[in-house]
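What you see is a predicted model, and the numbers here were worked out from it, not measured in a lab. Heads up: numbering here begins at 1 and tracks the sequence.
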Amino acid sequence: MALYSDKVMDHFMNPRNVGYIENADGIGEIGNAKCGDIMKIYLKIENDVIVDAKFETFGCGSAIASSSMATEMIIGKPVSEALELTNKAVVEALDGLPAHKVHCSVLAEEAIKNALKDYFDRNGIPYDPEQFKETDHDELHAQVHGE
């Protein structure tokens, strides 16, 4: 059995939405010092709908594939739906990730949420802080790697 699905390989070899958006409406960044992955997500939002999303990711193939898939999943969606995106949905859309790479999908989810929080903050839109709780990435890393 292959370590990575065809979809993971496709999004790694041919990532969608790479780059940045000038004058983005929301920017979210997240990183994990243990694995070295850093993701930055840019959002363009019009009439409460995400009309464009771009990413810059420094990391492994799973991080790039997760960023690519996550941006694909939110473009064209209302902000409220994008807020509901979970790392599990990203993993499922990629037809799975190895257990030790699931944290990459968590980073993608959190980068998008950070970009949405930035959008809310810039526009004075109230939100529930509970929606933006970050995962303890060191703890997640330790669980996956049995540390």
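- A side-chain N or O of Asn17 and one of Thr71 form a donor-acceptor pair less than 3.5 Å apart.
- Closest of all the heavy-atom pairs between Val91 and Leu97 is CG1-N, 3.8 Å.
- Shown here is Asn123, whose CG atom has more than 12 heavy atoms of other residues, nucleotides or ligands within 6.0 Å.
- Enclosure of atom CZ in Phe58 is not indicated, since only 12 or fewer non-hydrogen atoms of other residues, nucleotides or ligands lie within 6.0 angstrom.
- The cluster map of Ile, Leu, Val, Met, Phe, Trp and Tyr, joined by side-chain heavy atoms under 4.5 Å apart, puts Ile75 and Met73 in different clusters.
- Within the 4.5 Å cutoff, side-chain heavy atoms of Gln131 are placed close to those of Leu83.
- Atom NZ in Lys77 sits 14.5 Å away from atom CD1 in Ile45 (nearest 0.5 Å).
- Considering CD1 of Ile64 and CZ of Arg16, their distance stands at 13.0 Å, rounded to 0.5 Å.
- Note: Ser68 OG to Met13 CE = 13.0 Å, rounded to the nearest 0.5 Å.
- Annotation: side chain of Phe12 is not in contact with side chain of Ser62 (no heavy-atom distance under 4.5 Å).
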Exercise for the section: Apply the test side chain to side chain contact (heavy atoms under 4.5 Å, CB included) to residues Tyr127 and Lys117: give CA-CA distance (whole Å), side-chain angles for both, the deciding distance (0.1 Å), then the verdict. Expected result: CA-CA 8 Å; Tyr127 57 85; Lys117 182 179 181 298; 3.2 Å; yes
Handout entry: Audit row: Thr86, Glu109, side chain to side chain contact (heavy atoms under 4.5 Å, CB included) steps and yes/no
Key = CA-CA 6 Å; Thr86 65; Glu109 173 190 338; 4.2 Å; yes
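- Shown here for Asp37 and His103, the closest heavy-atom pair between the two residues is OD2-NE2, 3.7 Å.
- The two residues Gly19 and Lys54 have their closest heavy-atom pair at O-CB, 3.3 Å.
- Annotation: the span from Leu116 atom CG to Ile50 atom CD1 amounts to 5.0 Å, rounded to 0.5 Å.
- Checking side-chain atoms of Ser67 against main-chain N and O of Ala63 turns up a donor-acceptor pair under 3.5 Å.
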Handout entry: Residue pair Ile74, Ile112: steps toward the side chain to side chain contact (heavy atoms under 4.5 Å, CB included) verdict
Key = CA-CA 9 Å; Ile74 63 168; Ile112 287 170; 3.9 Å; yes
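- Judged by distance alone, the side chain of Lys44 and the main-chain N or O of Asn23 form a donor-acceptor pair under 3.5 Å.
- Closest approach of Ala70 to Ala108, counting heavy atoms only: CB-CB, 4.0 Å.
- The hydrophobic cluster containing Ile41 does not contain Val51, counting ILVMFWY residues as joined when their side-chain heavy atoms lie under 4.5 angstrom apart, directly or transitively.
- The nearest pair of heavy atoms linking Lys101 to Cys60 is NZ-SG, 3.5 Å.
- With a 6.0 Å radius and a threshold of 12 heavy atoms from other residues, nucleotides or ligands, Asp48 has its CG atom above the threshold.
- Tyr42 belongs to a hydrophobic cluster whose other members, connected by ILVMFWY side-chain contacts under 4.5 Å either directly or through intermediates, are Tyr20, Ile21, Ile27.
- Rounded to the nearest 0.5 angstrom, His11 NE2 and Met69 CE are separated by 3.5 Å.
- One finds the CG atom of Asn32 at 10.0 Å from the CD atom of Glu110 (value rounded to the nearest 0.5 Å).
- In this structure, the side chains of Tyr119 and Leu43 stay at 4.5 Å or more apart for every pair of heavy atoms.
- Under the 4.5 Å side-chain heavy-atom criterion for Ile, Leu, Val, Met, Phe, Trp and Tyr, Leu94 and Met9 are members of the same hydrophobic cluster.
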Practice task
Determine, stepwise, if the pair Asp6 / Asp95 fulfils side chain to side chain contact (heavy atoms under 4.5 Å, CB included).
Solution key: CA-CA 8 Å; Asp6 289 342; Asp95 292 339; over 6 Å; no
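- Tracing side-chain contacts under 4.5 Å through hydrophobic residues (I, L, V, M, F, W, Y), one never reaches Leu85 starting from Val49; they form parts of separate clusters.
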